[in-house]
Structure formats: structure tokens, C-alpha cells
Amino acid sequence: TFVTFAWMIATRAARDDPRDSRPLDVVAAAIIVDGRVLLAQRSRPAELAGRWELPGGRVESGETHAAALTREIREELGAEVEPAESVGSPVALPGGLTLYAYVARLRSGTPTALEHLDVRWFSADELRLFDAAEIVPADRDWIPDLCAVLDGT
Ligand code: DCM
């Protein structure tokens, strides 16, 4: 139908690469152990390198958010997680992408920086004191939400 056609043009125009037909969703994991949340330090691209984020990545075609999150954490951190409830509100990213965060329970493995520069565990107090400029812009709004989750654990 026309509506579908118009939607295809609109979503394609929003992509960096018009041949990229993947979904526009990005998922990120709040892995929480012993009252601390794991942040990972990005190695790329240049404008985000050195900044801290909730680790995650693009959802592939036909993948649920939970499956994408599990796959990304396995690839990036070498650990097995089980995604749970969402954290905060979705955030609009450049390029028409939307970023979603979920609590993820650590099932096995030790999260390791396989693709990041470093990983670090933060308590709610440490997060509140952390310089927001060191966190990737899209994830900054989630700090109060993450602190609330940590305070409740
Ligand atoms: N991204 C973000 N915050 C996160 C995870 C990802 O802002 N916690 C952004 C960075 C990229 C896009 O999502 O623009 C895709 O992520 P990646 O490059 O890690 O696959």
C-alpha cells in the first residue's frame, strides 16, 4: 500500500547506509552484580572513544531485543546474560536509531573488555559522582534510572 511504501522511504532515508535493511533498534545491558552496574568504555568511533556506556549493539533482522542483547554481550564481553525488565525510556540516536536499555542478569562468565577499552563496576554512589561528560551522550539520561535500580537491589 501507499502507506507502507511511504514508510519504507522514510525509514530508509533515516539510515546512514540506504542498503542497510536491519531494524533501527539498538539494545544496551545494565548488568548488575552485588549492587554495582557494569559500564564499558567505548573504543570507537572517534567521537565516542573513551566514553562509558551500557554495553550492547544493533538488533539484527528477525531478532528479539532479548536475543540481540544476549548475543551482543556474548560477543563484546564473553559473558552469558538473561535480559529482564527495561530501564528508563528509549533514547533517539543519530541516524534514526532508537536505543533501549534492559537489566540483564549475569548467568555465567566474567564480563571482559573484548571490544571495549575497559569495563568497570559502579555503585549508585559512584555513578552519581561520575562526570557525565565521560558517559556517552545517549546514556546520560539513564543515570537516575540506574541508581534507582541499584538502590532497590
Ligand atoms: N550506542 C549508544 N549507547 C549505548 C550503546 C550504543 O549510544 N549504550 C550507540 C552507538 C552507535 C549505535 O548505538 O551509534 C550502535 O552501537 P554499536 O556501535 O555499539 O553497535
Side-chain angles (χ1 to χ4, degrees), residues 11 13-17 20-153:
T11 54
R15 296 173 194 278
D16 292 330
D17 178 352
D20 184 349
S21 62
R22 288 180 294 171
L24 292 162
D25 294 357
V26 182
V27 290
I31 303 172
I32 295 171
V33 175
D34 293 337
R36 289 183 148 85
V37 64
L38 187 90
L39 295 188
Q41 190 178 30
R42 287 193 67 100
S43 58
R44 60 171 182 86
E47 61 270 24
L48 295 178
R51 301 242 178 106
W52 295 80
E53 67 170 2
L54 292 180
R58 294 281 301 266
V59 176
E60 300 292 343
S61 300
E63 218 177 22
T64 62
H65 282 195
L69 204 65
T70 305
R71 175 183 54 73
E72 288 285 347
I73 297 308
R74 189 180 295 139
E75 289 172 2
E76 294 186 354
L77 302 175
E80 295 299 316
V81 296
E82 186 175 314
E85 68 271 19
S86 60
V87 177
S89 302
V91 178
L93 293 174
L97 299 172
T98 306
L99 177 65
Y100 300 82
Y102 297 91
V103 169
R105 303 196 194 292
L106 186 61
R107 287 299 178 219
S108 65
T110 303
T112 306
L114 302 177
E115 297 179 4
H116 288 84
L117 297 177
D118 201 1
V119 294
R120 193 165 136 191
W121 297 94
F122 291 82
S123 68
D125 285 343
E126 288 167 333
L127 263 190
R128 286 185 195 100
L129 293 172
F130 199 54
D131 182 357
E134 292 200 48
I135 297 174
V136 301
D139 296 29
R140 283 175 204 162
D141 290 351
W142 289 335
I143 298 305
D145 302 296
L146 289 170
C147 289
V149 174
L150 291 173
D151 288 338
T153 62

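FYI, the numbering just counts along the sequence from 1. Just so you know, these numbers come straight off a predicted model, no measurement behind them.
- Summarising the geometry of Pro83 relative to Thr70, their closest heavy-atom pair is CD-OG1, 3.5 Å, with the distance given to 0.1 Å.
- For the side-chain contact (heavy atoms from CB on, under 4.5 Å) with Trp52, the lone residue among Asp118, Asp131, Val136 that qualifies is Asp118.
- Within 6.0 Å of atom CZ in Arg105, 12 or fewer heavy atoms from other residues, nucleotides or ligands are found, so the atom counts as exposed in its surroundings.
- When all heavy atoms of Ser61 and Ser21 are compared, the pair lying nearest together is OG-O, 3.8 Å.
- The CG atom of Leu146 sits 14.5 Å away from atom CZ of Arg36, with the distance rounded to the nearest 0.5 Å.
- The nearest pair of heavy atoms linking Pro137 to Arg51 is CD-NH1, 3.6 Å.
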Walk me through it: do Arg74 and Glu80 pass the test side chain to side chain contact (heavy atoms under 4.5 Å, CB included)? CA-CA 6 Å; Arg74 189 180 295 139; Glu80 295 299 316; 2.8 Å; yes
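- In this structure, Arg22 CZ and Glu63 CD are separated by 10.5 Å, a value rounded to the nearest 0.5 Å.
- Here the CD-CD distance, from Gln41 to Glu134, works out to 8.0 Å after rounding to the nearest 0.5 Å.
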Could you give me the CA-CA distance, side-chain angles and deciding distance for Leu77 and Ile31, then say whether side chain to side chain contact (heavy atoms under 4.5 Å, CB included) is met? CA-CA 11 Å; Leu77 302 175; Ile31 303 172; 4.0 Å; yes
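- Checked against side-chain hydrogen bond (donor to acceptor under 3.5 Å, both in side chains), Glu47 has no partners two or more places apart in sequence or in another chain.
- Under the side-chain hydrogen bond (donor to acceptor under 3.5 Å, both in side chains) criterion, Glu82 pairs with Arg107, not counting sequence neighbours.
- Among residues two or more places apart in sequence or in another chain, the ring-ring contact (aromatic ring centres under 6.0 Å, His included) test is passed with His116 by none.
- In this structure, a donor-acceptor pair under 3.5 Å is present between the side chains of Tyr102 and His65.
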Derivation of the side chain to side chain contact (heavy atoms under 4.5 Å, CB included) call for Val37 and Leu150: CA-CA 8 Å; Val37 64; Leu150 291 173; 3.9 Å; yes
